[in-house]
Trainee: 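Before I ask anything, let me first share the structure, which is written out below as structure tokens.
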Amino acid sequence: MRTILITGVKLFAICAVAALALGAVNTVTEPRIAQYKIEQLRQALAELTPGATTGEPMEVPVNPTVVTRYPVLEDGKEVGSVLDLVGTGYGGDLRILARYAESGEILAARLMEDEETPGLGKKAETPEYMKMYVGTGTAGDPVPVRKDMLPAREADAVTGATITFLGVSKALAEGSRFVRQGRQ
Amino acid sequence: MVNELTKGIFKENPIFIIMLGLCPTLAVSTQVVNALGMGAGVIFVLLGSNIFISLLKDFIPEKVRIPAYIVIIASFVTVVDLVMQAFAPSVSKNLGVFVKLIVVNCIILGRAEAFASKRSLSESLLDAVGMGIGFTLGLLLISLIREVFGSGTITLFPFGGFDGVIRIPGLATQPARVLALSSGALLIMGYLKAFFNWMELRREEARRWPAVPLAAPAKSETASSSARSAS
């Protein structure tokens with residue numbers, strides 16, 4: 001009994017010291033990480049909406065893919081939306097920021113957060129990767145959600161990371177549908 | 001003492017000889033910059049865990065030693081993850097989930113169990129440095145081959161006007177893409193392992209059958225032969 005108690009107390013002590021140390025490190029790093037994320041979001045919104053501004057973010061409560069909508073304003077008039085989308089990738093959630101016209105057409109997109117494999121799924125972070133979706137999303141030109149919907153060169157680019165491609169595509173297609181069907 | 005440092009680099013290289021930590025090795029070796037980031041992370045965690053486990057070896061109860069090691073290792077990995085996210089966010093983004101997976105990297109737990117829990121602080125420290133450098137060098141070698149031939153580039157850290165990517169003429173446009181994929185990682189790993197095995201075999205043979213220098217002719221014999229030629 002005594003041995004079990006001593007063992008438990010020692011293990012607890014190790015865990016407590018580790019938790020305290022991690023708390024201290026978190027206190028130093030948390031503000032920097034939060035600041036970096038805000039900067040990234042601000043920069044991405046500016047890059048997605050050149051010559052326009054974005055209004056106050058609006059939470060989208062019922063849609064599991066569309067998290068937030070930022071109205072895009074030109075001369076005070078709403079001309080489209082930037083959507084914060086969540087998709088499912090190979091290593092976890094994909095966080096995508098995409099600008100849509102009122103017709104549902106994708107004007108620009110950027111992968112903000114992911115846990116994809118370096119050199120494979122991570123390629124989706126590059127602006128070149130997202131270019132394959134630009135111009136799609138309307139009723140006549142749907143978002144490519146299968147490799148055979150892509151031109152040969154772009155299909156080559158997604159080889160080895162099909163799950164990432166599907167995750168990005170499905171999230172962008174859902175964003176497009178959301179905009180086309182009156183943001184529902 | 002020096003042996004504790006150098007054995008991890010050559011004789012007991014964690015990747016090519018002991019063959020530990022192969023999952024992250026195969027997964028992140030697509031770019032040189034990932035190898036550098038991952039190597040730095042592993043060196044830090046190895047150093048921290050080896051030092052603490054060596055210091056606490058008499059305090060940690062035998063029955064719960066593995067959970068205790070995991071708590072210590074996971075704490076150091078979390079520190080690396082938080083610090084990378086805060087101060088090197090691009091490297092953290094590149095390495096993704098593999099930083100968190102250092103917790104289950106067999107090299108760290110292997111060295112804790114097999115070495116640090118039995119040896120002195122100084123020996124454990126040297127072992128951590130040697131193993132960490134050995135892992136980083138192995139990872140660098142694989143990633144250099146994979147990135148050069150599989151993508152035609154060498155990706156380093158960007159600075160100033162340099163975007164961090166060296167493009168190799170010829171290879172950048174027509175790379176052997178298979179080497180950048182998972183199967184390419186296994187192929188390169190296999191060939192490198194075969195190469196190091198061959199080197200080891202050669203060394204073994206040289207040790208067993210040392211080269212015998214051609215015996216110089218005996219003095220008297222030389223003298224008699226020169227006398228014969230003179231006559």
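We name chains A, B, ... by the order of the sequence lines, and we start the count at 1 in each one. The structure displayed is predicted, hence computed values, not measured ones.
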Trainee: Considering all heavy atoms of both residues, which atom of A:L22 and which atom of B:S75 are nearest to each other, and what is their separation?
Mentor: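 Of all heavy-atom pairs spanning A:L22 and B:S75, the closest is CD2-O, 3.4 Å.
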
Trainee: How long is the straight-line distance from CD1 of B:I70 back to CD1 of A:I14, given to the nearest 0.5 Å?
Mentor: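 Answer rounded to 0.5 Å: 12.5 Å.
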
Trainee: Under a 4.5 Å heavy-atom cut-off, does chain B meet the side chain of A:E30, its backbone, both or neither?
Mentor: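 Neither part.
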
Trainee: Got a sec: does the CZ of B:F159 have more than 12 other heavy atoms crowding it under 6.0 Å?
Mentor: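 Atom CZ in B:F159 is not crowded, with 12 or fewer foreign heavy atoms closer than 6.0 Å.
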
Trainee: For the OG1 atom of A:T29 and the CG atom of B:D81, what is their distance to the nearest 0.5 Å?
Mentor: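 Spacing of OG1 (A:T29) from CG (B:D81) equals 9.5 Å.
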
Trainee: Tell me, for A:A21 versus chain B, whether the close heavy atoms (under 4.5 Å) come from the side chain, the backbone, both or neither.
Mentor: neither

Trainee: Counting only heavy atoms from other residues, nucleotides and ligands, does the tally under 6.0 Å from CE of B:M199 exceed 12?
Mentor: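 Atom CE in B:M199 is not crowded, with 12 or fewer foreign heavy atoms closer than 6.0 Å.
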
Trainee: If you round to the nearest 0.5 Å, how far is NZ of B:K63 from CD1 of A:I4?
Mentor: 7.0 Å

Trainee: Can you tell me if CZ on B:F87 sees more than 12 non-hydrogen neighbours from other groups inside 6.0 Å?
Mentor: yes

Trainee: Tell me whether the count of non-hydrogen atoms from other residues, nucleotides or ligands lying under 6.0 Å of NZ in B:K193 goes above 12.
Mentor: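 Result for NZ/B:K193: enclosed.
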
Trainee: Of all heavy-atom pairs between A:K10 and B:P61, which one has the smallest distance, and what is that distance?
Mentor: CD-CG, 3.7 Å

Trainee: Tell me if the CZ atom of B:F196 is crowded by more than 12 foreign heavy atoms within 6.0 Å.
Mentor: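 Buried by this count: over 12 neighbours within 6.0 Å.
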
Trainee: Within a radius of less than 6.0 Å around CZ of A:F12, do more than 12 heavy atoms belonging to other residues, nucleotides or ligands occur?
Mentor: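 Open: at most 12 neighbouring heavy atoms sit under 6.0 Å from CZ of A:F12.
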
Trainee: Any idea which heavy atoms bring A:I33 and B:L82 closest together, and the distance?
Mentor: CD1-O, 3.9 Å

Trainee: If I compare all heavy atoms of A:C15 with all of B:V71, which pair ends up nearest, and what's the gap?
Mentor: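 Closest approach of A:C15 to B:V71: SG-CG2, 3.9 Å.
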
Trainee: More than 12 heavy atoms of other residues, nucleotides or ligands under 6.0 Å from OH of B:Y69: yes or no?
Mentor: yes

Trainee: If I measure from the heavy atoms of chain B, does A:Q40 come under 4.5 Å with its side chain, its backbone, both, or neither?
Mentor: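 Side chain only.
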
